[in-house]
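If you're wondering where the values come from, they're calculated on a predicted model, not measured in any experiment. Values reported hereafter were calculated over all heavy atoms of this structure, with side chains retained and with hydrogens, waters and symmetry mates removed.
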Amino acid sequence: MKHINLPRKLLFKLISSVVCAFLITMAFTWVVHVTLADRNAMKVINRVLDDVQGEIEAKVNHKLIMTAMIVRDRLQESKDLSSDRLRKLAGEMRVDDVCVVDEKGILVASAHSHEIGFDFHNGDGQAKDFLVLLDTETEFCQPLRPSSAHGEERKYVGVWLPEGGFIQVGILKSTLRVFAQSAISGLTHNRHIGGIGTIVITTEQGQILSDARETGLEGSVLQLPENAYVVKRVIEGFDVYAILPKSVAASERNALVGSSAIMTILALFFVAILVGIAISRFVKDQIEKRLHADMEMAKSIQLGSLPGVFPPFPELVDKIDIFALMRTAREVGGDFYDFFFAGPNHLALVMADVSGKGVPAAMFMMRAKTTIRAHLESDRDIGSAMANVNDLLSEGNDSNMFVTAWVGVIDIETGVMRYVNAGHNPPLVIRKSGRVEWLKERSGLTLAAMSSIKYRVKTMKLAPGESLLLYTDGVTEATDIEEKLFGEARLEAEVASSPADARKRCEKVLESIEKFQGLAPQADDITMLDFTLKTIEKSFPVIESSLGESANWMSEVFASPKPAIIVDEIVSNIVRCSGATKFTIRINGDNELVITDDGKPFDPTSLPDPDVTLKAEERQIGGLGLFLVKKMSKTVEYSRLDNRNRLRVVLK
């Protein structure tokens, strides 16, 4: 066979074209990877600097807050708020300014006497930021920035005062460097960039405070290396340098260019890559299916831990009405609710919201729920119980999660409820008149945010026929496609127009939220709990002391003395004349009293009214008490049911 040979000129052109194409491709690849390597290096540097900045700011803020707390304690001990005392105290604490602001936001004492009388409400944004301390028992830190009053860069922190108001401590940029130097020293030890890069913190004069390379460099002057990426950032008055040798980026670039060349030459591996992609997709699909199954199981476990059977207490359906629902934004959520008896006739109601979403929030939610329940069941002092819960949740809280919670314990025999609000949304109270009220007051700090916190215990009262609606912020902060909030006003209107039924009220509000959201995705968990006190009932033995006990109980339930007077007249007849062993008083939501006893049949309404026109010595003895009951009541009806006397009194 005769061989066919390509002309040398054509073969040369083909080879030259291939070589040129390869060289152009490699040159383009080189430029691209050089740019990407530089960009990636800067991303890594800035990411590490962001982390270091957060740590430095946290260290400085913590030290300033602790200093402000010490100032607060010393001022409360000495009670001396003179400018001389504050200047001396500022010098002792190594800060530049100490001032005291009262509960109205007025600066009442300062190391600089000319500042006294300044109203924080009239200040610029820098001063107004501190007004948050008038409403919340917390601390507040401002970043280092020029002061509108002094012109130079200053940093201010504030801590709340138990009697209202706050302590403010200020420090100059130059003072801050000296003040916080001990907290910053050694902060970046072993914090490397790309294996051999380093983070160095220096003073303004370049003296090293912390170097990731080795501990012995502290105190020396920083010498910046050549042929390296160097990014400087001033953080809280300290110069922070991120240093990364360019050889790191060059090595990455060379590796990428070499791999690109190899991939170009070894095109035969293309099929293998396709197979690998197919396999990776298959594995990814399997992992996603398994993860979805695990999340569904976690959701089932989570929902199973919440009360879900309604009515929950069948024996009390004529006394209380409870319903709750939860719609999670993801497979598992951070909201939770609970209700349980924390003692005889004392029902605990819990509504809470854990920060964050997903599995971590759900696990923290389970821990918070069990801790709250255990302490409410064992400690009748709700304030002490919640303080202990906060300490336990704060311990080992490395994820820095927190819980907003509203916890109340109601005596279903009186309607008196004691409650604690730990940074949660204010509940709604639906009075029997149909009026809707907000339980808005100064709340305590969220749970798990800080240990050793005391919580104020508030008291309210529900009358028969009145309800309490608890919810999480997923209700009021639900948004539509235009990112408008559902809001408190819309919630109040929906509750006011809802039926007087726990389940129907919750379902109507949920339906309104879903209609409001439309096509917008659910951004947060939606949780509600509705409690209605339908009736109040208490039984007493027929003994003389029950007269006072029943009167005291009626006074505790009603603000008006009239119901207690009516019951006292009726109970007096039962104790002294009926021969009964026990009597029961039930209060319904429509101003109705029902008094029953197991004594001999007696219809007090059949007795004629006494002639009150006669003189006292001319009237027959007896009957005046029942006459008084009739006059003070709208209706008085007697019946005999199940061998018991039953007297129904409708109050005016």
Side-chain angles (χ1 to χ4, degrees), residues 295-296 298-310 312 322-339 349-366 368-369 401-407 421-430 436 438-439 446 467-499 501-532:
M295 294 295 284
E296 286 295 324
K299 180 179 181 179
S300 177
I301 294 173
Q302 180 188 22
L303 294 179
S305 68
L306 302 178
V309 177
F310 301 100
I322 301 178
F323 182 76
L325 58 80
M326 183 171 73
R327 297 290 184 272
T328 58
R330 300 184 182 179
E331 286 85 353
V332 291
D335 287 3
F336 69 91
Y337 64 85
D338 203 1
F339 48 83
L349 304 173
V350 180
M351 179 61 66
D353 185 1
V354 178
S355 62
K357 297 289 181 293
V359 174
M363 296 191 63
F364 200 78
M365 162 273 208
M366 295 289 290
K369 177 180 178 295
M401 304 187 81
F402 59 87
V403 185
T404 69
W406 194 97
V407 179
N421 189 342
H424 199 72
N425 302 77
L428 283 167
V429 179
I430 302 94
V436 177
W438 292 91
L439 271 186
T446 57
S467 304
L468 179 72
L469 179 67
L470 307 176
Y471 61 93
T472 59
D473 58 6
V475 173
T476 53
E477 295 180 7
T479 57
D480 60 10
I481 56 175
E482 297 180 354
E483 297 188 351
K484 294 180 180 178
L485 296 179
F486 186 77
E488 291 184 348
R490 191 175 278 104
L491 173 61
E492 180 180 347
E494 287 297 326
V495 170
S497 62
S498 297
D501 179 89
R503 176 187 292 270
K504 292 180 180 179
R505 183 155 36 227
C506 289
E507 291 178 344
K508 184 176 184 296
V509 173
L510 178 61
E511 180 182 356
S512 178
I513 293 173
E514 292 175 343
K515 183 178 179 181
F516 172 79
Q517 288 178 320
L519 299 177
Q522 182 180 336
D524 199 359
D525 303 334
I526 296 174
T527 308
M528 287 178 281
L529 187 153
D530 189 292
F531 170 81
T532 300

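One finds the CZ atom of Phe516 at 4.0 Å from the CG atom of Asp480 (value rounded to the nearest 0.5 Å). Remark: Ile513 CD1 to Ile526 CD1 distance equals 4.5 Å, nearest 0.5 Å. For the atom pair CE (Met351) and CE (Met326), the distance works out to 9.5 Å, reported to the nearest 0.5 Å. To the nearest 0.5 angstrom, Leu306 atom CG is 7.5 Å from Asp338 atom CG. The distance from atom CD1 of Ile322 to atom CG of Leu468, rounded to the nearest 0.5 Å, is 10.5 Å. One distance of note links CG of Leu325 with CD of Glu507; it measures 7.0 Å at 0.5 Å rounding.
Taking each heavy atom of Ala352 and Ala405 in turn, the nearest pair found is CB-CB, 3.9 Å. For the residue pair Arg503 and Asp501, the shortest heavy atom distance occurs at N-OD2, 3.2 Å. Between Gln517 and Thr479, the closest heavy-atom pair is CG-O, 3.5 Å.
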Practice prompt. Take Leu529 and Trp406 through the side chain to side chain contact (heavy atoms under 4.5 Å, CB included) test and state the conclusion after the steps.
Written response: CA-CA 11 Å; Leu529 187 153; Trp406 194 97; over 6 Å; no
Item to complete: Determine, stepwise, if the pair Asp335 / Thr527 fulfils side chain to side chain donor-acceptor pair (under 3.5 Å).
Response: CA-CA 7 Å; Asp335 287 3; Thr527 308; 2.9 Å; yes
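In this view, Phe402 and Ser355, Thr404, Thr446 satisfy the side-chain contact (heavy atoms from CB on, under 4.5 Å) rule, not counting sequence neighbours. Residues forming a side-chain contact (heavy atoms from CB on, under 4.5 Å) with Asn425 (at least two apart in sequence, or on another chain): Tyr471, Asp473, Thr476.
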Please table the atom pairs, donor to acceptor, closer than 3.5 Å between any side-chain atom in residues 487-494 and protein atoms at least two apart or in another chain.
residue : atom : partner : partner atom : Å
Glu488  : OE1  : Lys440  : NZ           : 2.8
Arg490  : NH1  : Leu485  : O            : 3.4
Arg490  : NH1  : Phe486  : O            : 2.7
Glu492  : OE1  : Trp438  : NE1          : 2.9
Glu494  : OE1  : Lys508  : NZ           : 2.7
Glu494  : OE2  : Ser512  : OG           : 3.3

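By the 4.5 Å heavy-atom criterion applied to side chains, Arg505 and Ile430 are counted as neighbours. Leu428 places none of its side-chain heavy atoms less than 4.5 Å from the side chain of Ser467. Counting only heavy atoms from C-beta outward, the side chains of Pro307 and Tyr337 approach each other to under 4.5 Å. Taking the side chain as every heavy atom from C-beta outward, Phe336 and Val350 approach each other to under 4.5 Å.
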